Amino acid sequence: MSLGQQLSPHLPFLRRYGRALTGSQSEGDQYVRATLEAIVAAPEEFPKDVDPRLGLYRTFQAIWSSTHADNRALPEDDGSSGHEAIARRRLARVAPLSRQALLLTAMEGFSTEDTAYLIDATPEEVDDLVTDALSEIDKQTRARVLIIEDEPIIAMDIESIVRDQGHEVTGVAVTRDEAVALAMEDRPGLVLADIQLADDSSGIDAVKDILAEFNVPVIFITAFPERLLTGERPEPTFLITKPFQRSTVKAAISQALFFDEATVPVA
């Protein structure tokens, strides 16, 4: 099998990485094109002691570093919109080398050792860089959270999860009316809502009332997911079934806030 045939399956993923790294499809593709041109011009210099995918990314990284692009932040706006634009703006605030380490491990799936090879670092340095990147993103996504839950033990557990992630709890509501009142009094940046509430009122109705006043990301945590998964109306993006794992709730909170425009710092 020729080198080109070996590399071909990995090119779409290299383009993905290039776009995430530069913040621009056109600029990312330029680096991918330069990478391929370098390989074609000097195939004997392509790394032979590693698998083709690792060699491909290594060549890309060498070209990226040689242009000193890693000293620049991502461009703030290339015309993209929605979740992609929000993600770009967050990554733009992560130090360039930390951004590379995070993207290579979390998005491209390279091991710590392989990432160290790609960015000329030690595995320990890669771990530190990823930690720094995640810490920066965590700081960007700190939020004030309203919990709508009528079971005291569950509410305490959710509150503990929220505080462990560095967020602030604005209040815990046990009825629809109380939830709406708390939201209007102290506008939250995230709502965690049960469906069945203390006075037989509905968390779904509470959320509708809140969303009628302002936009806020919502995560439903419920023992009755079928009430929301009917296919008859828009379904929630984030739905957690009780009993839940703490890690599941943490992941949903991070994901909901990462893609929420309101928590992106103003440059």
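Owing to the predicted nature of the structure, the values given are computational and were not obtained by experimental measurement.
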Asker: Donor-acceptor pair, distance only, cut-off 3.5 Å: does the side chain of Glu178 make one with the backbone of Val174?
Answerer: yes
Asker: How long is the span from the CG atom in Asp194 to the CZ atom in Phe220, to the nearest 0.5 Å?
Answerer: 9.5 Å
Asker: Can you find a side-chain donor-acceptor pair between Thr35 and Tyr57 that sits under 3.5 Å?
Answerer: no
Asker: Is Glu108 reaching over with its side chain to a backbone N or O of Thr105, donor-acceptor style, under 3.5 angstrom?
Answerer: no
Asker: Report yes or no: do Gln61 and Tyr17 form a side-chain donor-acceptor pair below 3.5 Å?
Answerer: yes
Asker: Could you go through the salt bridge (charged side-chain N to carboxylate O under 4.0 Å, His left out) check for Asp164 and Arg246 one step at a time?
Answerer: CA-CA 11 Å; Asp164 284 349; Arg246 292 175 66 90; 3.0 Å; yes
Asker: Looking at Phe110, I'd like to know if the NZ or CZ of Arg53 sits under 6.0 Å from its six-membered ring centre while staying within 45 degrees of the ring's axis.
Answerer: yes
Asker: Indicate yes or no for a side-chain donor-acceptor contact from Gln5 to the backbone of Ser2 under 3.5 Å, with no hydrogens or angles considered.
Answerer: yes
Asker: Would you check if the side chain of Lys48 reaches a backbone N or O of Phe46 as a donor-acceptor pair within less than 3.5 Å?
Answerer: yes
Asker: With a 3.5 Å distance limit and no angle check, can you tell me whether His167 reaches the backbone of Ala143 through a side-chain donor-acceptor pair?
Answerer: yes
Asker: Is it the case that Thr175 and Asp177 place a side-chain donor and acceptor less than 3.5 Å from each other?
Answerer: no
Asker: Would you find a donor on one side and an acceptor on the other, under 3.5 Å apart, between the side chain of Glu149 and the backbone of Glu151?
Answerer: yes
Asker: Checking Ser66 side chain against Ile63 main chain: does a donor-acceptor pair fall under 3.5 Å?
Answerer: yes
Asker: Using modelled atom types only, decide if a donor and an acceptor are shared between the side chain of Gln165 and the backbone of Lys250 within a distance under 3.5 Å.
Answerer: yes
Asker: Is it true that a side-chain atom of Arg58 and a backbone atom of Tyr117 form a donor plus acceptor pair closer than 3.5 Å?
Answerer: yes
Asker: Counting N and O atoms only, with roles assigned by atom type, does the side chain of Ser160 sit under 3.5 Å from a partner on the main chain of Met156, one being a donor and the other an acceptor?
Answerer: no
